[in-house]
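Residue numbering restarts at 1 for every chain, and letters A, B, ... go by the order of the sequence lines. Note that this is a predicted model, so its numbers are computed, not measured.
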Amino acid sequence: MLRDRLLQMLPEDDAAAESVEGLALTVTDLAPGDLGSWLADRAGQELGLDVAGRALQGGGDAWAVAIADESGTSVALDLATIDDADLEALGAWLADPAAPIAVHDAKTASHALHGRGLTLAGVAVDTLLAAYLCHPDQRTYDLGDLTVRYLQRELPTGVDAESDGMLDLGLDGDHSGARTAAARAVAVRELAEPLRTDLASRGATALMAQVELPVLATLVGMERAGIAADVAYVEGLAGEFDAAVERAALGAYEAIGHEVNLGSPKQLQEVLFVELDMPKTRRTKTGWTTDADALADLFARTEHPFLGNLLAHREAIRLRQTVEGLLKSVAPDGRIHTTFQQTVAATGRLSSTDPNLQNIPIRTAEGYRIREGFVVGEGYEGLLTADYSQIEMRIMAHLSRDEGLIDAFRSGEDLHRYVGSRVFHVEPAEVTSAMRAKIKAMSYGLAYGLSAFGLSKQLGISAGEAKGLMDDYFDRFGGVRDYLTGVVDEARGEGWTSTILGRRRYLPDLTSDNRQRREMAERMALNAPIQGSAADVVKVAMIGVTGELERRGLASRLLLQVHDELVLEVAPGEREEVTDLVRTQMGAAAALEVPLDVSVGFGRSWRDAGH
DNA sequence: AAATGCACGTA
DNA sequence: CGTACGTGCATTTT
């Protein structure tokens, strides 16, 4: 019946209507209750859903959703104008965890729906995520590309919906926007099957269903919650950093007797290597580097005041930039809502954008002050941070099954001290801080494919000493070396690496004739299982933490993930229970050969809660 | 206007 | 000659 009405509505000579294997109707054309009966008719069959619009920024109503069924019939809805009965029907369907549904981008859809009080509960397939898990070497997962690749046809376009992220639904006499939306929903539904087949063929079905889709739901909650900012404090910082920028710039100009754009590597090279005739630094593609390491080195040699001011300027301008970016990101609710990208990092890590909250300074005292600007929100008791200590080293111990490294973690002794005592043949108590620093650098470097040359550079020791250090290390921890070489060999044979949960990374360059590309791929192959497995563990922990918070009916919530750290906002009276729950869930996220150690901090700001 | 390179913050 | 990211500025290319 609905289909007949749709047919009547669309102009017969419209080419777009024929190329789309579905027909669209805007909700303003629906009689009340039509949507409900349409959905009821299709209960039990898989539907495809696509959402276009701006979910969080720029108003929650400026978006649309389209749903398609097996026959290619579809409904495009402008939720700004949908009537209450239909909204209710849609909500009931979306909130049914058993409803089989394929969504193009479930996170965006979820945000958009939340804006109208609807919850996307059951998602069978997220085509974006499935495509990511099928093709982690392919960096774009555009619905149009997927349609060409899997369905061997073009995704119909024709309206300007993509560019501004909005669909022009409900306009009198023009249903092109609705048709585009419908076409996308139809494609989504058709894509579900081939994507599921691909997922299964690489053994990623469980990873998708039990990790990626559940974690997607937690990301929606985290992004919506955001983290509170102390705007007045951060503005104060901005002023301070601003003054520091000015001061350093004036100092630099004075040191050379004229002004120069301190942000221009090209102009800096002119000053440093021509005007001041300083010794040449490392080469870059376009000249000589002016990075911080090189400048510090030049400063040590020449003690020229320009360099000190330049370094101070670099730091200050960076801090000002970070702080101003944060201020610009504060939403009307006084909080910063980042976006977590789930289909970007090749290893399976998350990334954070707009703003990136995974690279807030911590190492320098000045930068660390920025973390004081992230504070507990109104109605909550404090922020709690929980991080895994040395998770990548523990993963390496687990994967390599190296007895020495496993003993190190089981002993409870300080890791680098323990390893140092074995490498240097001394008692743990006799490991000096210099020895410990070398061991620490080497241990972390191993997971990145560090060479003896690289180690010598980083530690400022001779190549020979670095080589000896690595030999001594592998004498004691031979299992680690065997694992690292083995994992590369296996990847070369299979074509991919794999994490503890079966996430693959394909590395075709492992057999490249080009030595540089091949060796790069080898380091990636060595690192991907370690970094990726750690990412798996943290994702499982996030699901465990949010799940347990919900089961217990707690009001505390997860706000951020920074690779091996979780940040939560704790509701009044829940601190003890949440601390306990977080420790338990994070500790139980994976059963490794070694224990997972979690350290927890609490305070009013991210800085106070940090370690 | 878009792409590239450099520099630098985090894990 | 150490992995994984995102961002902003300057510079080059289109």
K.L.:
Would you mind reading off the distance between A/Leu262 atom CG and B/dA7 atom P, rounded to a whole angstrom?
P.N.:
14 Å

K.L.:
Base, sugar-phosphate, or nothing for A/Ser352, non-hydrogen atoms under 4.0 angstrom?
P.N.:
sugar-phosphate

K.L.:
At 4.0 Å (heavy atoms only), tell me whether A/Ile360 reaches a base, stays on the sugar-phosphate, or touches nothing.
P.N.:
sugar-phosphate

K.L.:
Would you call the rings of A/Tyr132 and A/Tyr141 parallel, tilted or perpendicular if under 30° counts as parallel and over 60° as perpendicular?
P.N.:
perpendicular

K.L.:
Distance criterion of 3.5 Å, no angle test: do you see the side chain of A/Asn356 paired donor-to-acceptor with the base of C/dG6?
P.N.:
no

K.L.:
Could you check which of C/dG6, B/dC6, C/dG2 has an atom nearest any side-chain atom of A/Pro265?
P.N.:
B/dC6

K.L.:
When you check the phosphate oxygens OP1 and OP2 of C/dC5, does a side-chain N or O of A/Thr347 lie under 4.0 Å from one of them?
P.N.:
no

K.L.:
Rounded to whole angstrom units, what separation is found between the CD1 atom of A/Ile530 and the C1' atom of C/dC5?
P.N.:
18 Å

K.L.:
Under 4.0 angstrom, heavy atoms only, what part of the nucleic acid is A/Gln321 near: base, sugar-phosphate, or nothing?
P.N.:
sugar-phosphate

K.L.:
Scan A/Ile362 against the nucleic acid and name what it touches under 4.0 Å (heavy atoms): base, sugar-phosphate only, or nothing.
P.N.:
sugar-phosphate

K.L.:
So what does A/Lys457 touch, heavy atoms closer than 4.0 Å: a base, only the sugar-phosphate, or nothing?
P.N.:
nothing

K.L.:
Any idea how A/Tyr473 and A/Phe477 line up, ring-wise: parallel (<30°), tilted (30 to 60°), or perpendicular (>60°)?
P.N.:
tilted

K.L.:
Across the strands shown, which category fits A/Arg363 at heavy-atom distances under 4.0 angstrom: base, sugar-phosphate, nothing?
P.N.:
base

K.L.:
How many angstroms lie between CG in A/Leu455 and CG in A/Leu450, if you round to the nearest 0.5 Å?
P.N.:
5.0 Å

K.L.:
How far does the P atom of B/dG5 sit from the matching atom of C/dC1, given to the nearest Å?
P.N.:
15 Å

K.L.:
So that I know where these two stand, are A/Tyr444 and A/His416 an aromatic pair - ring centroids less than 6.0 Å apart?
P.N.:
yes

K.L.:
Once you apply a heavy-atom cut-off of 4.0 Å, does A/Ala528 come out as touching a base, just sugar-phosphate, or nothing?
P.N.:
nothing

K.L.:
From C/dG6, B/dA7, B/dT10, pick the nucleotide closest to the side chain of A/Val344?
P.N.:
C/dG6

K.L.:
Is a salt bridge present between A/Glu315 and A/Arg363, judged by a nitrogen-to-oxygen distance below 4.0 Å?
P.N.:
no

K.L.:
Regarding B/dA7, can its base be found pairing with the side chain of A/Arg318 as donor and acceptor, where the two atoms are less than 3.5 Å apart?
P.N.:
no

K.L.:
Do A/Gln358 and B/dG9 share a donor-acceptor pair, side chain to base, under 3.5 Å?
P.N.:
no

K.L.:
Under 4.0 Å between any heavy atoms, over every strand shown, what does A/Met520 touch: base, sugar-phosphate, or nothing? Just pick one.
P.N.:
sugar-phosphate

K.L.:
May I have the distance from A/Arg320 (atom CZ) to C/dT7 (atom C1'), rounded to whole angstrom?
P.N.:
15 Å

